[in-house]
Undergrad: 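Submitted below is the structure of interest, expressed as C-alpha cells.
The structure presented is a predicted model; accordingly, all values stated were derived computationally and were not measured. Numbering of residues begins at 1 and proceeds along the displayed sequence.
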Amino acid sequence: MDEKTRENIEIESSRQELRDLIDTGSLKEILNAFTTTTGLMANVVDVDGRSIFSKSDMKKCCKFCKLIFAMKDGQERCRGAYERAGKQAALFNEPYIFRCPSGLVEWAAPIMLDGKHLGSIICGQVLMWEPEEFFWIELREMNKDLVTDFKELFRAVEELPVVSGDMVQAASYLLLTIANFITRSGWETRRRGEEIKRQKLLLSEELKTRRKLEEQLGQMFCSSMDQEQELMELLREGKTEQADGLLEKIINDIVLGSKGNMDMIRVRAIELVVVISRTAVRENVLQERASQINSALIKMIQMENSIDDVSGQLRLAIAIYQKEIESAVEVPEASGIKTMKGFMQGHYRENLTLEQIAGAASLSTSYASRLFKKTLGLSVMDYLRKLRMDEAKRLLRESEMQIDEIAVSAGYADAGYFAKVFRKTEHMTPSRYRKMYRNIPAL
C-alpha cells in the first residue's frame with residue numbers, strides 16, 4: 001500500500017469517526033443559532049478540509065464563498081486552506097485565525113477526541129476593517145487565477161460584515177466551546193453504546209452457558225436474587241462480617257442446587273463474581289480495574305476442581321472488592337501523584353510533555369492521567385498550567401519584570417501565547433492584572 005492510499009484511508013476513517021461522533025441535525029441547529037445571533041457563517045469540515053454537510057447546505061454560505069466555489073479550482077483552494085488551518089488549530093487545541101486564499105478573514109476551532117484531530121469548525125468570511133484602495137488591489141491580485149471580471153466578486157465583498165478584533169476573538173472561542181461540547185456529548189453517547197453492547201454480549205454468553213447446562217442436567221438452578229441483593233447492600237455498606245456470613249449461605253445453596261456438578265458450580269461462581277463487580281463499579285471502582293480483577297478471578301475459578309477451592313475464590317473476590325470500594329470512597333494522594341507534582345514544580349519552566357511527567361513517576365500516560373484526575377479533580381496538564389499561572393501572577397504582583405520576561409519565567413517561550421492563555425484563564429490581560437492588583441490599597 002503506497003503512502004497516498006494509506007493517507008486517504010486514514011482521512012476517510014477520521015471522517016467516519018467524526019460523522020459517528022456528532023448528530024448533524026442538532027449541530028446544524030446550533031450553527032444556525034450561531035449565525036442568527038452573530039451574523040457569521042459557520043461550517044464543519046473533516047481533517048482534509050471537506051465539509052461534512054450536503055451540497056444543499058451550500059445555500060447558507062455567503063455570496064462571496066458561493067462565487068469562489070463555483071469557479072474552477074476555487075473550492076479545492078478553499079479546502080486546502082481549511083485543512084491547513086484545522087491542523088494549526090489542533091496543534092495547540094486553540095482557535096486559529098487566518099486569511100483565506102482570497103484575502104479575507106476566517107478562523108478554525110478544532111474538534112478533538114482523546115488527542116486526535118477529527119475535524120474543525122470554520123467561520124467566515126469577514127472583514128476586520130472597511131475596505132480601502134489597497135484592499136481591492138490585493139483582492140484582485142490574490143484571485144486573478146480564478147476570475148477576470150471582478151465586478152460581481154467586489155459586490156459580494158461589500159456585503160460581508162465588518163467585525164472588530166474583539167468580536168472575532170469572542171466568536172472563535174464560542175466556536176471552540178461548541179466543538180468541545182460536540183466531542184463531550186458524542187463521546188458520552190458512544191461510551192454508553194459500547195457499554196450496552198458489552199452488557200448484551202455478556203448476557204448472551206451467560207444465556208448460552210445456561211442453555212448448555214440445562215441440556216446436560218435437565219434443570220437450572222438460580223440462587224436467590226434476594227440473597228444476592230442483600231450481599232451487594234452489605235458490600236456497599238462495608239459490613240464485612242455480615243457479607244462473609246451471607247456468602248457462606250449462598251455457596252451452600254450453589255453446591256446443593258448444582259448437585260455437586262463442578263461445571264455448574266464454576267458457572268454460578270463466575271456469575272456471582274460478575275454481579276459483585278457490577279456493584280463495585282457503581283461504587284466508583286474503575287471499570288478497567290474491575291475487568292482486570294474479574295479476568296484473574298474467572299481464570300482461577302475455571303482451573304479449580306474442588307468445591308472448597310471455588311469457595312475460596314469467591315471469598316477472595318469479596319475481600320478484594322470490599323477493599324476496592326473502600327479505596328474508591330477516599331483516594332489518598334499516592335506516591336506517584338506526589339512524584340509528578342514535585343517534578344512539575346521543579347521543571348514547569350521547561351517544555352514538559354505528559355510522557356515526561358508520567359515517566360518521572362514510572363507510570364504510563366493513561367494510568368497517570370486517570371490517577372491524577374481521580375485524586376485531584378483536574379488533569380495533569382491543567383495542574384501544570386495552574387503552576388505556571390500562579391508563578392506568573394506572583395511575578396506580576398511582586399516584580400518589575402517585563403511581560404515577556406515573566407512569560408519565560410513562567411514556562412512560556414512565546415509571550416503572545418502566554419498573554420492569550422493568561423487572558424483565557426484570568427479573563428483579563430497580564431498588564432490589566434498587574435495594574436488592578438497594585439491599585440488595591442494596603443491594609
Undergrad: Looking at Lys386 and Asp390, is there a salt bridge between them, counting it only when a charged N and a carboxylate O are closer than 4.0 Å?
TA: yes

Undergrad: For Gln402, does the CD atom have more than 12 heavy-atom neighbours from other residues, nucleotides or ligands under 6.0 Å away?
TA: no

Undergrad: Is any side-chain heavy atom of Ile97 closer than 4.5 Å to a side-chain heavy atom of Gln169?
TA: yes

Undergrad: Looking at Val45, is its backbone amide N or carbonyl O close enough to the side chain of Ser51 to form a donor-acceptor pair, meaning the two atoms are under 3.5 Å apart?
TA: no

Undergrad: Report the C-alpha distance between Tyr96 and Ser120 in whole Å, list the side-chain angles of each, state the deciding distance to 0.1 Å, and finish with yes or no for side chain to side chain contact (heavy atoms under 4.5 Å, CB included).
TA: CA-CA 10 Å; Tyr96 179 71; Ser120 308; over 6 Å; no

Undergrad: Given the side-chain rings of Tyr412 and Phe422, with only the six-membered ring counted for Trp, is the space between their centroids under 6.0 Å?
TA: no

Undergrad: Begin from the C-alpha positions of Met167 and Thr38 and carry the test side chain to side chain contact (heavy atoms under 4.5 Å, CB included) through to its verdict.
TA: CA-CA 9 Å; Met167 183 175 179; Thr38 65; 4.2 Å; yes

Undergrad: How close do Ala410 and Tyr348 get, heavy atom to heavy atom, and via which atoms?
TA: O-CD1, 3.9 Å

Undergrad: Can you tell me how far apart CZ (Arg423) and OG1 (Thr425) are? Round to the nearest 0.5 Å.
TA: 12.5 Å

Undergrad: With a 4.5 Å heavy-atom cut-off, do Phe372 and Ile357 have their side chains touching?
TA: no

Undergrad: So does Arg77 have more than 12 non-hydrogen atoms from other groups sitting under 6.0 Å from CZ?
TA: yes

Undergrad: Which heavy atom of Glu304 sits nearest to which heavy atom of Asp309, and what is that distance?
TA: OE1-CB, 3.2 Å

Undergrad: Please round to the nearest 0.5 Å and tell me the distance separating atom CG of Leu176 and atom CE of Met112.
TA: 10.5 Å

Undergrad: CG/Asn143 to CD1/Ile68 distance, rounded to the nearest 0.5 angstrom?
TA: 4.5 Å

Undergrad: Looking at Met128, I want to see if its CE is surrounded by more than 12 non-hydrogen atoms of other residues, nucleotides or ligands under 6.0 Å.
TA: yes

Undergrad: Would you check, one step at a time, whether the test side chain to side chain contact (heavy atoms under 4.5 Å, CB included) holds for Leu160 with Val126?
TA: CA-CA 6 Å; Leu160 293 173; Val126 300; over 6 Å; no

Undergrad: Answer whether the closest heavy-atom distance between the side chains of Arg278 and Val274 falls below 4.5 Å.
TA: yes

Undergrad: If I compare all heavy atoms of Leu146 with all of Asp73, which pair ends up nearest, and what's the gap?
TA: CD2-C, 4.2 Å

Undergrad: Less than 4.0 Å between a side-chain N and a carboxylate O, is that true for Glu391 and Arg394?
TA: yes

Undergrad: Please examine the side chains of His347 and Gln356, heavy atoms only from C-beta on, and report whether any two atoms are closer than 4.5 Å.
TA: no

Undergrad: Identify the two heavy atoms, one from Asn294 and one from Val273, that lie closest to each other, and give their separation to 0.1 Å.
TA: OD1-CG1, 3.5 Å

Undergrad: Please give me the minimum heavy-atom distance between Ala358 and Ala368, naming the atom from each residue.
TA: CB-CB, 3.7 Å

Undergrad: Please report the C-alpha distance between Glu76 and Arg79 in whole Å, then the side-chain angles of each, then the deciding distance to 0.1 Å, and finally whether the salt bridge (Lys or Arg N to Asp or Glu O under 4.0 Å) criterion is met.
TA: CA-CA 5 Å; Glu76 181 60 21; Arg79 182 207 63 74; 2.8 Å; yes

Undergrad: Would you say the side-chain atoms of Ser295 pair up with the backbone N or O of Gln292, donor to acceptor, closer than 3.5 Å?
TA: no

Undergrad: What's the separation between atom CD1 in Ile307 and atom CZ in Arg266, rounded to the nearest 0.5 Å?
TA: 10.5 Å

Undergrad: Looking at every non-hydrogen atom in both residues, tell me the closest pair between Leu395 and Arg434 and how far apart they are.
TA: O-NH2, 3.6 Å

Undergrad: Which value, rounded to the nearest 0.5 Å, describes the distance between Glu350 atom CD and Leu384 atom CG?
TA: 10.5 Å

Undergrad: Can you tell if the side chain of Glu159 reaches within under 4.5 Å of the side chain of Cys62, non-hydrogen atoms only?
TA: no

Undergrad: Met300 vs Leu316, test: side chain to side chain contact (heavy atoms under 4.5 Å, CB included). Steps then yes/no.
TA: CA-CA 11 Å; Met300 293 302 298; Leu316 178 61; over 6 Å; no

Undergrad: Do Phe418 and Ile406 have side chains that get closer than 4.5 Å, going by heavy atoms?
TA: yes

Undergrad: For a side chain to side chain donor-acceptor pair (under 3.5 Å) check, start with the C-alpha distance between Tyr82 and Arg50, then their side-chain angles and the critical distance, and finish with the verdict.
TA: CA-CA 8 Å; Tyr82 297 160; Arg50 302 185 189 279; over 6 Å; no

Undergrad: Determine whether Arg99 and Met142 make a side-chain contact, defined as any pair of heavy atoms from C-beta on separated by less than 4.5 Å.
TA: yes

Undergrad: More than 12 non-hydrogen atoms from neighbouring residues, nucleotides or ligands closer than 6.0 Å to CZ on Phe92, yes or no?
TA: no

Undergrad: For the OH atom of Tyr173 and the OG1 atom of Thr177, what is their distance to the nearest 0.5 Å?
TA: 10.0 Å

Undergrad: Take Arg432 and Glu426 through the test salt bridge (Lys or Arg N to Asp or Glu O under 4.0 Å) and record every step on the way to the result.
TA: CA-CA 10 Å; Arg432 175 65 178 165; Glu426 304 300 325; over 6 Å; no

Undergrad: Does the side chain of Leu396 come within less than 4.5 Å of Ile403's, by heavy atoms?
TA: yes

